[in-house]
Amino acid sequence: EETPAPGITPETRRELLDCARRLGDSASYESAGTVEFLYDDERGDFFFLEVNTRLQVEHGVTEEIHDIDLVEWMIRQAAGTLSLPDAIEPVGHSIQVRLYAEDPNKDFQPSTGLLTAVAFAPELRVETWIEHGSEVTAYYDPMLAKLIATGPDRTSALAKLSTGLADSRVHGIETNLSYLQALLAEEALTAGTLTTQFLST
C-alpha cells in the first residue's frame with residue numbers, strides 16, 4: 001500500500017476525495033472508513049468499488065504523510081471531543097508492505113513454528129506482535145508485521161523500504177520477506193505501473 005498513489009493527477013485525486021466525502025455525507029457517517037475505487041490508467045477514469053466502515057490495515061501510510069493518529073481520532077470522536085482541522089495537506093510519500101508467515105515458494109502455504117530471531121530495521125515504522133521466542137501457530141492471521149517507510153518523495157521512500165527490508169530478520173519459519181524484497185526490485189513497481197494482474201504474472 002502507498003500514498004499518494006502513483007500515476008494519478010491532482011485533478012483526479014480531488015475528484016476521488018470529493019466522491020468519498022459526498023458518499024460519507026450522504027450516509028451521515030462519522031468515523032474512520034475507506035472508500036475504494038478502481039482506476040483505469042488508459043482511460044484516466046475511476047470506478048466505485050466498495051466502502052469499508054472501519055479502520056483498515058492501510059491506515060499507517062495515511063497517518064505518516066498527514067502527521068495524524070487515526071486511532072486517537074476515532075477515540076476522540078466516540079468521546080465527543082474530536083475537533084477536525086479544516087484542511088490537512090499531505091507531505092511526502094509512504095509505502096507499506098505486509099510481512100506474512102507464508103512460503104511464497106510453496107504457493108503461499110502457511111508457515112508455523114518458533115521464531116528464533118526477530119529484528120526490524122530502525123528506519124521503518126514497524127507494527128507487529130512478534131518478537132524473539134514468539135510461537136506462530138495454525139490458529140492465527142498470517143500477518144506478522146506491517147513495515148512502513150516514509151520519505152520526501154516516492155523514490156526515497158522505496159529506497160528506504162528496500163534498505164529496511166534488507167536490514168530486517170525473521171528466522172525460525174518461512175516468511176514472505178525475500179518475496180517482498182524481490183518485488184521492490186521489479187520495474188513495474190518502481191515505475192508505478194502495477195496492475196491488478198501483476199502478482200499473478
Practice prompt. Apply side-chain contact (heavy atoms from CB on, under 4.5 Å) to the pair Leu189 and Leu158, showing each step before the final yes or no.
Written response: CA-CA 9 Å; Leu189 189 140; Leu158 280 169; 3.5 Å; yes

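- In this structure, the separation between CD on Gln56 and CD on Glu36 is 5.0 Å, given to the nearest 0.5 Å.
- Cluster annotation: Ile148 and Val126 are assigned to distinct hydrophobic clusters (Ile/Leu/Val/Met/Phe/Trp/Tyr, side-chain heavy-atom contacts under 4.5 Å, transitive).
- The main-chain N or O of Ala138 is never found under 3.5 Å from a side-chain atom of Thr112 such that the two would form a donor-acceptor pair.
- Considering only heavy atoms from C-beta on, Leu114 stays 4.5 Å or farther from Val136 through its side chain.
- Across all their heavy atoms, Ala149 and Ala157 have their closest contact at CB-O, 3.6 Å.
- For the residue pair Thr150 / Glu64, a side-chain donor-acceptor distance below 3.5 Å is found, with atom types taken as modelled.
- Side-chain atoms of Gln77 come within 3.5 Å of backbone atoms of Glu30 as a donor-acceptor pair (strictly under, hydrogens ignored).
- A donor-acceptor pair under 3.5 Å is formed between the side chain of Ser168 and the backbone N or O of Ala121.
- The closest donor-acceptor contact from the side chain of Thr12 to the backbone of Ile8 lies at 3.5 Å or more, if one exists at all.
- Annotation: side chain of Phe120 is not in contact with side chain of Asp167 (no heavy-atom distance under 4.5 Å).
- Taking 4.5 Å as the limit, every side-chain heavy atom of Leu49 sits out of range of all side-chain heavy atoms of Phe37.
- Side-chain atoms of Thr190 come within 3.5 Å of backbone atoms of Glu187 as a donor-acceptor pair (strictly under, hydrogens ignored).
- Criterion: ILVMFWY side-chain heavy atoms under 4.5 Å apart, direct or through other members. Under it, Leu199 and Phe108 are part of a common hydrophobic cluster.
- Side-chain contact between Cys19 and Leu16: absent, with no pair of heavy atoms (C-beta onward) separated by less than 4.5 Å.
- The distance from the CG atom of Leu177 to the CD atom of Glu102 is 13.5 Å, given to the nearest 0.5 Å.
- Here the shortest heavy-atom pairing between Gln197 and Ser200 reads O-OG, 2.9 Å.
- In the hydrophobic clustering of this structure, Val61 does not group with Leu165; members are Ile, Leu, Val, Met, Phe, Trp, Tyr whose side-chain heavy atoms approach within less than 4.5 Å, directly or through other members.
- Counting non-hydrogen atoms of other residues, nucleotides and ligands closer than 6.0 Å to CD of Glu131 gives a total of 12 or fewer.
- Contact of the Lys106 side chain with the Glu174 side chain is not registered, since no non-hydrogen atoms from C-beta on lie closer than 4.5 Å.
- Note: Leu55 CG to Thr62 OG1 = 9.0 Å, rounded to the nearest 0.5 Å.
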Practice prompt. Before giving the answer on side-chain contact (heavy atoms from CB on, under 4.5 Å), spell out for Val91 and Ile65 the whole-Å C-alpha distance, their side-chain angles and the decisive distance to 0.1 Å.
Written response: CA-CA 5 Å; Val91 176; Ile65 70 162; 5.8 Å; no

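- Note that CD1 of Ile95 is 5.5 Å distant from CZ of Arg154, once rounded to the nearest 0.5 Å.
- For the pair Asp18 and Arg14, the salt-bridge criterion is not met [side-chain N within less than 4.0 Å of a carboxylate O].
- Judged purely by atom type and a 3.5 angstrom limit, Asn176 uses its side chain to pair as donor or acceptor with the backbone of Tyr100.
- Contact record, Gln181 with Ala166: NE2-CA, 3.3 Å, taken as the closest heavy-atom pair.
- Side-chain atoms of Tyr140 do not come within 3.5 Å of backbone N or O of Met143 as any donor-acceptor pair.
- A 4.5 Å side-chain heavy-atom check between Thr3 and His93 finds every atom pair outside the cut-off.
- Smallest separation of non-hydrogen atoms from Pro85 and Ile88: CG-CG1, 3.6 Å.
- A salt bridge is absent between Arg13 and Glu15; no separation between the charged side-chain nitrogens and carboxylate oxygens falls under 4.0 Å.
- A distance-only check finds a donor-acceptor pair linking the side chain of Asp69 to the backbone of Val71 [under 3.5 Å].
- When all heavy atoms of Gly92 and Pro4 are compared, the closest pair comes out as O-CD, 3.5 Å.
- A salt bridge links Glu58 with Arg98: the closest approach of a Lys/Arg side-chain nitrogen to an acidic carboxylate oxygen falls below 4.0 angstrom.
- Residues Leu70 and Tyr29 fall into different hydrophobic clusters, defined by Ile, Leu, Val, Met, Phe, Trp and Tyr side chains chained together at heavy-atom separations under 4.5 Å.
- Linking Ile, Leu, Val, Met, Phe, Trp and Tyr residues whenever their side-chain heavy atoms come within less than 4.5 Å places Phe48 and Phe46 in a single cluster.
- No side-chain donor-acceptor contact under 3.5 Å links Lys146 to the backbone of Val97.
- Taking 4.5 Å as the limit, every side-chain heavy atom of Thr34 sits out of range of all side-chain heavy atoms of Val51.
- Proximity of Met74 to Glu72: side-chain heavy atoms (C-beta onward) are nowhere separated by under 4.5 Å.
- The CG atom of Leu115 sits 9.0 Å away from the NE2 atom of His132 when rounded to the nearest 0.5 Å.
- Atom OG1 of Thr193 is separated from atom CZ of Phe198 by 8.0 Å, given to the nearest 0.5 angstrom.
- The two atoms that bring Gly7 and Asp41 nearest to each other are O-OD1, 4.2 Å, heavy atoms only.
- Put simply, the side chain of Asp40 gets close to the backbone of Arg43: a donor and an acceptor are under 3.5 Å apart.
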Practice prompt. With side-chain contact (heavy atoms from CB on, under 4.5 Å) as the test, would you mind laying out the steps for Val57 and His59 before giving the verdict?
Written response: CA-CA 6 Å; Val57 72; His59 80 274; over 6 Å; no

